[in-house]
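To keep things clear, I will list the structure first and then write my remarks on it.
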Amino acid sequence: MPVLYVVATPIGNLEDISLRALRVLREVKLIAAEDTRSTRKLLSAYGIRTPLTSFHEFTGESKTGRLIRELTEKDIALVSEAGTPAISDPGYNLVHAAVGAGIPVITVPGPSAVTAALAVSGLAADQFVFVGFLPRRVTERRRLLVSLAGDARTLVAFETPHRLREALEDILNIMGDRRMAVCRELTKLHEEVFRGTAGEVVKYFTCPKGEFTLVIAGLRRDRMLEVSPEVEAELRRLTSGGMGAKESVSLVAERTGLPKRKLYETVQRLR
């Protein structure tokens, strides 16, 4: 039975591709690529002439359906613009559809900016939370950071250069001056990894350029019961907006993992 191969490709350096990935890309009858231009460069570098078709975030259901029908007759490889398909990537839609149609899905593992950044960060990687790109809207980004501020696991996120400074300032203000590693242009010519506290990172990246992966240390266990000024502000906002103390405490406890008793004490003090 034909197969959908989920093939990881380099995130920068074209040498970071496995022999198995090259063989699969040669042998399949079609490659569904998020960015046909970048994939064409990769195929050209290795003399691979397999036909390409696009599959990106704007691909509609009709094309997804057509690829599923083609998968009943021939093997297809799915590749991302860079890295592992379906990880914060529109390729998820094709994988989901193939699984639903009973088509075998086989991974050809390889590069991932998430694991690459974790590996060089110098921060704990036994447990981590990956959130993809931080939200574009300021209120949504801050709400997400508040919800993660009490998590002891390492946080990994993507960010664009034009939003990086604002995001870093929010991380500093909401999550505190905890340790971070900011990875820029991983495996590319201008690769850089800056390790330091959130405050040091904000001062360092004054004119950010390139692609960024942020690795943020989890909350230290000795600080897990602390109610930060940002959490206090969230409680004040909710209660002043008409929400009752019980509902406000439950909502913030769910977002931050802080004990309700501690949050109740904070609400009483704020009153």
Side-chain angles (χ1 to χ4, degrees), residues 87-88 92 96 114 117-118 121-160 162-182 195-205 208 212-271:
I87 308 299
S88 191
Y92 157 79
H96 179 73
V114 177
L118 272 168
S121 68
L123 300 174
D126 53 336
Q127 294 185 21
F128 66 92
V129 180
F130 172 58
V131 297
F133 279 94
L134 291 173
R136 296 177 182 176
R137 295 180 182 275
V138 174
T139 54
E140 293 178 5
R141 180 176 66 229
R142 290 175 179 171
R143 188 176 297 119
L144 174 65
L145 293 174
V146 167
S147 73
L148 293 167
D151 201 315
R153 295 170 294 181
T154 299
L155 172 67
V156 184
F158 295 151
E159 191 52 283
T160 60
H162 63 278
R163 293 198 302 264
L164 181 70
R165 280 196 56 79
E166 288 186 359
L168 291 174
E169 288 170 358
D170 283 344
I171 291 167
L172 174 61
N173 293 331
I174 294 172
M175 308 187 88
D177 199 21
R178 61 181 69 183
R179 296 203 63 76
M180 292 182 61
V182 178
R195 304 173 185 86
T197 65
E200 292 169 339
V201 170
V202 168
K203 292 178 182 178
Y204 182 79
F205 287 101
F212 290 87
T213 304
L214 314 181
V215 185
I216 308 166
L219 182 65
R220 281 169 37 190
R221 296 194 179 277
D222 60 345
R223 294 185 179 177
M224 280 189 167
L225 298 182
E226 294 182 6
V227 179
S228 70
E230 290 70 32
V231 172
E232 286 189 4
E234 180 73 357
L235 286 169
R236 186 182 290 110
R237 183 185 68 80
L238 292 172
T239 53
S240 63
M243 185 179 290
K246 183 176 181 180
E247 189 176 358
S248 300
V249 165
S250 295
L251 182 61
V252 173
E254 182 179 350
R255 289 178 178 174
T256 64
L258 289 168
K260 290 184 179 180
R261 177 184 58 79
K262 195 76 174 177
L263 295 172
Y264 272 121
E265 292 174 358
T266 304
V267 169
Q268 295 303 317
R269 177 168 53 80
L270 292 174
R271 286 177 173 174

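- The side-chain hydrogen bond (donor to acceptor under 3.5 Å, both in side chains) check on R142 picks up D170, with sequence neighbours excluded.
- Closest non-hydrogen pair, L148 versus M175, comes out as O-CE, 3.7 Å.
- Taking R237 as the reference, E234 meet the side-chain hydrogen bond (donor to acceptor under 3.5 Å, both in side chains) condition, with sequence neighbours excluded.
- Every residue two or more places apart in sequence or in another chain that forms a side-chain contact (heavy atoms from CB on, under 4.5 Å) with A157 is listed here: V131, L134.
- With rounding to the nearest 0.5 Å, the separation of CD in Q127 from OG1 in T154 is 9.0 Å.
- Nearest heavy-atom pair across L118 and A125 is CD2-CB, 4.1 Å.
- Across every non-hydrogen atom of A245 and V267, the tightest pair is CB-CG1, 4.0 Å.
- By the 4.5 Å heavy-atom criterion applied to side chains, T213 and V114 are not counted as neighbours.
- Qualifying side-chain hydrogen bond (donor to acceptor under 3.5 Å, both in side chains) partners for E232, counting only residues two or more places apart in sequence or in other chains: R269.
- Side-chain rings of F133 and F212 stay apart, their centers remaining 6.0 Å or farther from each other.
- Smallest separation of non-hydrogen atoms from V202 and R165: O-NH1, 2.6 Å.
- The salt bridge (Lys or Arg N to Asp or Glu O under 4.0 Å) search around E200 returns none, not counting sequence neighbours.
- Between L219 and R178, the shortest heavy-atom contact is N-NH1, 3.4 Å.
- Residues passing the side-chain contact (heavy atoms from CB on, under 4.5 Å) test with E166 are V138, R141, sequence neighbours excluded.
- Considering all non-hydrogen atoms of both residues, L235 and S248 come closest at CD2-O, 4.1 Å.
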